[in-house]
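See below for the structure under consideration.
Because the structure is predicted, anything quoted here is derived from the model rather than measured. Count residues from 1 along the sequence. Computed from heavy atoms alone, side chains included, the values below leave out hydrogens, waters and symmetry copies.
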Amino acid sequence: MTTPAKLYGKDLSEYDEVDVDELLAQLSPEEIKILAKEVDPDDNFLPPNQRCNYECEKEPTGPLNRKKLIEHINKQALETPDVPELEPYVKGTIRGKKWIPPPPEEKMKEAEEQITIDLGDEYEHALNDATQEEIIDLAAILGFHSMMNQDQYHASLLNKGQPIGLGWDGITKASAQKLFPQEPPNTTDIDESIKRVKDDDQKLIELNLNNIKTISDDKFEQLFSALTQNEHLEVLSLTNVGLTDKTALLLAEAIEKNKTLRVLNVETNFINPLVIVKLVKSLLNAKSIEEFRASNQRSQVLGNKIEMEITELVEKNSSLLRLGLHLEYNDARHRIAAHLQRNIDRSDGVPANEIVDTNNHKKSPSPSLTTP
């Protein structure tokens, strides 16, 4: 059952049988024009000038000239006189009333008076006799960072003594920036390195091509093709060299055929998550790589599906000891860390405390796993 239509509380059911066309035929052209102005047809196909009530009676002056329009608006603005103020401005006089905050309520006063802390005579005597430096050290120990600046906080933690003139009322100045020498560019000869890898040079155990962004795809293909026959190279670092999915897939094929590579680093490149999965999968066939790092790629977040695939592949790998990847989910991080720890415990002749973390440059008893 439908509710009868109403307009201003009046039932409109009596107009259901009225013929609208007959009513419109009885109206004059002027009345139809007035009615059209009052009714919005709500038709998206009609142009806006036929839907709005406003009608301009002036003849069109021609196409739009933006420059002349802006000049006309500026001229009108300059010629229009300013609206005079009701009360002229006089320097030094205050208009209106000055706002005075209302007095606090009695309940708030009572609450503030009741908040008192009894520390005991011994602690109150110690705090009253404490110097400003001792109070700053105490605030640093308790973690009250808002009570001090960075110089005071670090001086307290390092037990260096407070800087002169930086008490509670001291002015904090910007510390001088420490200048560190820039890292020298990598001057490794690409062609010579590829030739040494291809010739299986016994002295070439570690190859570092980090931060060399001029390596072409052809050079990568030659390097990875030579890597399949090499039997002495143990460490290969390709950080920030512009490695793409195409060249990374060639690297995955080379890893499967190489049997001596122990450390592989491809951080800070342009490798997609699916290709990272293929690289991790190629480690299963290698059986020699103990450390693999591939964080900071084009996609910062791998996703749950990719992380679970990597987790399953790592759990099948019995030779991997370190994995450098940014994993978002706790399940993947914990499972991979537990499996890597079991691999370290099972490794023959390599105790856990003798495996060096290449990121921290120190000995670490646990497997390296990059976490957010």
Original post:
Between the side chain of Glu307 and the main-chain N/O of Tyr329, is any donor-acceptor distance below 3.5 Å?
Top reply: yes
Original post:
Short question: side chain of Arg322, backbone of Glu290 - any donor-acceptor pair under 3.5 Å?
Top reply: no
**OP:** Measure the CD-CG distance between Glu291 and Leu261 for me, rounded to the nearest 0.5 Å.
**Re:** 11.0 Å
Original post:
What do you reckon, is CD of Glu31 surrounded by more than 12 foreign heavy atoms closer than 6.0 Å?
Top reply: yes
Original post:
Below 4.5 Å, heavy atoms only, C-beta onward: do Lys213 and Asn240 meet side chain to side chain?
Top reply: yes
**OP:** For a side chain to side chain contact (heavy atoms under 4.5 Å, CB included) with Leu243, tell me which candidate from Ile215, Asp217, Val266, Leu250 qualifies.
**Re:** Val266
Subject >> Close side-chain approach of Leu24 and Ile32, heavy atoms under 4.5 Å >> reply: no
Original post:
What do you reckon, is CD of Gln26 surrounded by more than 12 foreign heavy atoms closer than 6.0 Å?
Top reply: yes
Original post:
With no hydrogens and no angle check, is any side-chain donor or acceptor of Asn317 less than 3.5 Å from a backbone partner on Asn343?
Top reply: no
**OP:** Taking the side chain as every heavy atom from C-beta outward, state whether Met308 and Asp331 have any atom pair closer than 4.5 Å.
**Re:** yes
Original post:
Considering only heavy atoms from C-beta outward, does the side chain of Leu204 approach that of His232 to under 4.5 Å?
Top reply: no
Subject >> Any donor-acceptor N/O pair, Arg196 side chain to Asp201 backbone, under 3.5 Å >> reply: no
Original post:
Please walk me through it: do Gln297 and Asn269 pass side-chain contact (heavy atoms from CB on, under 4.5 Å)?
Top reply: CA-CA 5 Å; Gln297 301 297 331; Asn269 284 295; 3.3 Å; yes
Subject >> Minimum side-chain heavy-atom gap Leu223-Leu209 below 4.5 Å >> reply: yes
**OP:** Ignoring hydrogens and angles, state whether a donor on the side chain of Asp218 or Gln222 is under 3.5 Å from an acceptor on the partner side chain.
**Re:** no
Subject >> Min side-chain heavy-atom separation Leu233-Leu227 under 4.5 Å >> reply: yes
**OP:** Taking the side chain as every heavy atom from C-beta outward, state whether Leu69 and Ile73 have any atom pair closer than 4.5 Å.
**Re:** yes
Subject >> Cluster link Leu323 to Val301, ILVMFWY, side chain under 4.5 Å >> reply: no
Subject >> Enclosure of Lys259 NZ (heavy-atom neighbours >12, cutoff 6.0 Å) >> reply: yes
Subject >> Polar side chain donor-acceptor pair, Asn186 to Asn210, under 3.5 angstrom >> reply: no
Subject >> Glu253 backbone acceptor or donor facing Ser282 side chain under 3.5 Å >> reply: no
Subject >> Polar side-chain atom of Asn258 near backbone of Asn230 as donor-acceptor pair, under 3.5 Å >> reply: yes
Subject >> Transitive ILVMFWY cluster of Ile205, excluding itself - 4.5 Å side-chain cut-off >> reply: none
**OP:** Start with the C-alpha gap between Asn208 and Thr188, add the side-chain angles, then the distance that decides, and say whether side-chain contact (heavy atoms from CB on, under 4.5 Å) holds.
**Re:** CA-CA 8 Å; Asn208 186 344; Thr188 305; 5.6 Å; no
**OP:** Kindly say whether Asp245 contributes a backbone atom to a donor-acceptor pair with the side chain of Asn272 at under 3.5 angstrom?
**Re:** no
Subject >> Gap between atom OG of Ser288 and atom CD1 of Ile255 - 0.5 Å precision >> reply: 9.0 Å
